[in-house]
Amino acid sequence: MTKIDPALQAQVDAQLLEQGGFAPLELLINSGRLTYGDYEAWRRGDIESLDDVLMGSPEKIRAQVETASSYARRIGLVEQPQEFHSWQTPSPGAAAKLLRVSADSRLHRLIAIRHVPAQSVPQMDLFFDNPVVALTNGIARALSARDAAEAQRQLDRLYAQAPNHADLAAFDQLLTALLSLDQPASDAAATLSFLQKIAPNAKRLLGAQSRDLLSPLWNHFAQMLRDQPFLPEHPLLHRSYALGQAHDWAGVSESVRNEPHWWEHAELCLRLAHSAFYRQQRLEALTAWCHLCWLHPTQADQALGARTQPDGGMVGLWQHFLDSEDDIELSATDFPAWLLLHEPGLARHLAEDLPNGRSAGEMQYRCIHRLLQARRDRRKEDELALRRTLQADFPAMFSQLKRTV
């Protein structure tokens with residue numbers, strides 16, 4: 001049995017929680033192996049396969065996907081083959097070109113599947129003779145392929161055949177959203193409200209393909225906000241939020257880091273941590289979590305204790321931290337310093353001057369960072385002096401230190 005890396009397992013678990021299944025292609029996009037722009041170019045038919053645009057060693061990519069898929073099977077998910085068709089069609093109503101993920105047949109088979117719970121596998125034989133179901137499936141495919149003309153054609157037929165169908169209004173809204181991509185927009189608040197209204201229906205009606213409709217809509221919204229600074233009173237009217245909804249995790253990171261004093265805002269800390277998790281950038285994630293704990297301990301406590309938190313590795317560390325309390329109660333502000341004691345090697349990668357203030361949590365982080373540096377350099381007198389400081393000023397963390405000796 002192949003052992004799965006905890007970070008990779010967390011990615012699979014998070015995708016299953018958020019989307020109800022695991023798709024290797026989504027893993028490649030979320031982890032930065034495949035940019036969404038290159039994915040779009042492939043779906044448009046501009047490139048033959050993904051071989052030349054996947055980032056990293058093909059062998060490592062194949063091994064990562066194999067390991068993730070093996071884990072998905074172990075937890076009871078079943079494989080569903082996936083076909084990807086070009087978004088460009090030669091003529092209205094014509095069949096779209098079937099796309100190939102890779103010239104390597106083994107890699108193609110690994111990526112062109114989706115792992116879902118057994119009860120989610122549709123019983124297709126029940127639907128072969130149902131024209132209404134065929135129409136709704138056709139509308140969903142056209143919307144995800146961003147083919148407004150075909151979606152309109154199929155929707156008109158659905159109105160004619162099933163004028164009381166429960167999803168007619170929802171499909172109409174999704175088509176309106178698709179058509180809005182070609183129109184200028186200036187009211188950011190109204191655009192946000194509209195996107196939030198249609199997103200649940202898109203996920204319900206389009207399933208795993210909803211991203212192909214929603215991502216360009218959120219990116220369009222992000223462009224509207226390109227010069228908008230972060231306003232705490234309107235936290236969703238910021239480029240980082242829109243890019244997060246589009247799953248452009250690299251864009252989220254850039255947007256947050258370009259914001260002056262981003263660490264002063266809990267929402268931006270959380271968005272950076274979320275982005276870093278999906279890109280498997282652990283140090284960036286830890287940086288964001290540290291600032292959140294120091295400056296926004298209540299939000300840190302809530303985020304790390306939430307059942308929907310995708311970063312299972314951080315949740316595990318947080319639980320270990322809570323279980324390590326002695327008679328002196330620890331709080332979220334102590335968590336960054338505890339991380340250094342729990343994993344001393346982090347002091348080589350997280351800077352001593354990572355904190356920007358002089359709160360108790362930040363001061364004890366610096367003290368422990370210096371202590372670990374002195375221990376590593378075998379400066380005994382300095383280490384003893386720092387131990388005395390820690391004992392006098394931060395007794396709870398000194399108690400934790402004694403466990404590491």
Side-chain angles (χ1 to χ4, degrees), residues 19-21 23 25-26 29 36-47 50 80-101 112-114 116 120 122 124 126-183 185 191 194-221 245-247:
Q19 301 181 21
L25 187 62
E26 292 285 318
I29 295 173
Y36 196 73
D38 286 334
Y39 167 76
E40 288 185 307
W42 174 62
R43 292 302 301 269
R44 290 193 303 267
D46 296 343
I47 54 179
L50 299 178
Q80 270 188 326
Q82 280 193 302
E83 288 187 347
F84 298 95
H85 293 85
S86 172
W87 290 337
Q88 308 292 342
T89 55
S91 60
K97 177 185 176 183
L98 181 64
L99 298 175
R100 188 161 184 83
V101 176
I113 56 173
R114 177 175 167 80
V116 297
S120 300
M124 296 306 297
L126 298 179
F127 304 131
F128 284 152
D129 298 321
N130 190 324
V132 172
V133 172
L135 281 174
T136 57
N137 287 340
I139 297 169
R141 283 194 300 270
L143 288 170
S144 63
R146 306 174 195 172
D147 188 341
E150 178 63 13
Q152 183 68 72
R153 187 180 73 84
Q154 300 258 27
L155 185 56
D156 289 342
R157 292 178 60 195
L158 183 61
Y159 267 105
Q161 293 197 26
N164 296 317
H165 195 282
D167 291 324
L168 281 171
F171 277 129
D172 254 332
Q173 286 185 331
L174 296 181
L175 180 57
T176 298
L178 178 59
L179 293 170
S180 73
L181 286 172
D182 298 324
Q183 302 169 3
T191 301
F194 178 66
L195 289 174
Q196 290 176 320
K197 182 178 180 180
I198 68 166
N201 281 331
K203 293 174 182 177
R204 177 175 63 84
L205 295 172
L206 275 59
Q209 305 307 313
S210 62
R211 174 179 183 162
D212 292 333
L213 173 65
L214 293 175
S215 285
L217 295 171
W218 285 112
N219 278 320
H220 189 59
F221 180 51
Q245 296 303 303
H247 293 193

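Reckoned from all heavy atoms, side chains included, excluding hydrogens, waters and symmetry mates.
- Counting heavy atoms from C-beta outward, Q245 and L214 have side chains that stay 4.5 Å or more apart.
- Here the NE2 atom belonging to H247 is positioned 7.5 Å from the CD atom belonging to E26, to the nearest 0.5 angstrom.
- Closest approach of R211 and I29 over heavy atoms only: NH2-CG2, 2.7 Å.
- Using the six-membered ring where Trp is involved, Y39 and W87 have ring planes that are perpendicular, over 60° apart on the 30 and 60° scheme.
- Ion pairing between a basic and an acidic side chain is recognised when a charged N comes within 4.0 Å of a carboxylate O; R153 and E150 show such pairing.
- Expressed to the nearest 0.5 Å, how far CG of L175 lies from OG of S180 amounts to 10.0 Å.
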> Passes side-chain contact (heavy atoms from CB on, under 4.5 Å), D38 versus L50? Steps please.
Replying inline: CA-CA 8 Å; D38 286 334; L50 299 178; 5.8 Å; no
> L168 and L155: side-chain contact (heavy atoms from CB on, under 4.5 Å), yes or no, with the steps?
Replying inline: CA-CA 8 Å; L168 281 171; L155 185 56; 3.9 Å; yes
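- When all heavy atoms are compared, the tightest approach of Q183 to H220 is O-NE2, 3.4 Å.
- The shortest non-hydrogen separation linking I113 to Q82 is O-OE1, 3.4 Å.
- Closest approach of P216 to L181, counting heavy atoms only: O-CD2, 3.6 Å.
- E40 contributes atom CD, which lies 7.0 Å from atom CG of N219 (distance to the nearest 0.5 angstrom).
- Distance CG/D147 to OG/S86: 10.5 Å, rounded to 0.5 Å.
- When side chains are defined from C-beta on, D182 does not count as touching L179, because their heavy atoms never get closer than 4.5 Å.
- Two residues are said to be in side-chain contact when any heavy atoms from C-beta on lie closer than 4.5 Å; L206 and L174 meet this criterion.
- Nearest heavy-atom pair across F84 and A112 is CE1-CA, 4.1 Å.
- At least one side-chain heavy atom of R204 sits under 4.5 Å from a side-chain heavy atom of D167.
- To the nearest 0.5 angstrom, I198 atom CD1 is 6.0 Å from L213 atom CG.
- A distance of 3.5 Å separates CG of D172 from OH of Y159, quoted to the nearest 0.5 Å.
- Of all heavy-atom pairs spanning F171 and A140, the tightest one is CE2-N, 4.4 Å.
- With S215 contributing its side chain and D212 its backbone, the two residues share no donor-acceptor pair below 3.5 Å.
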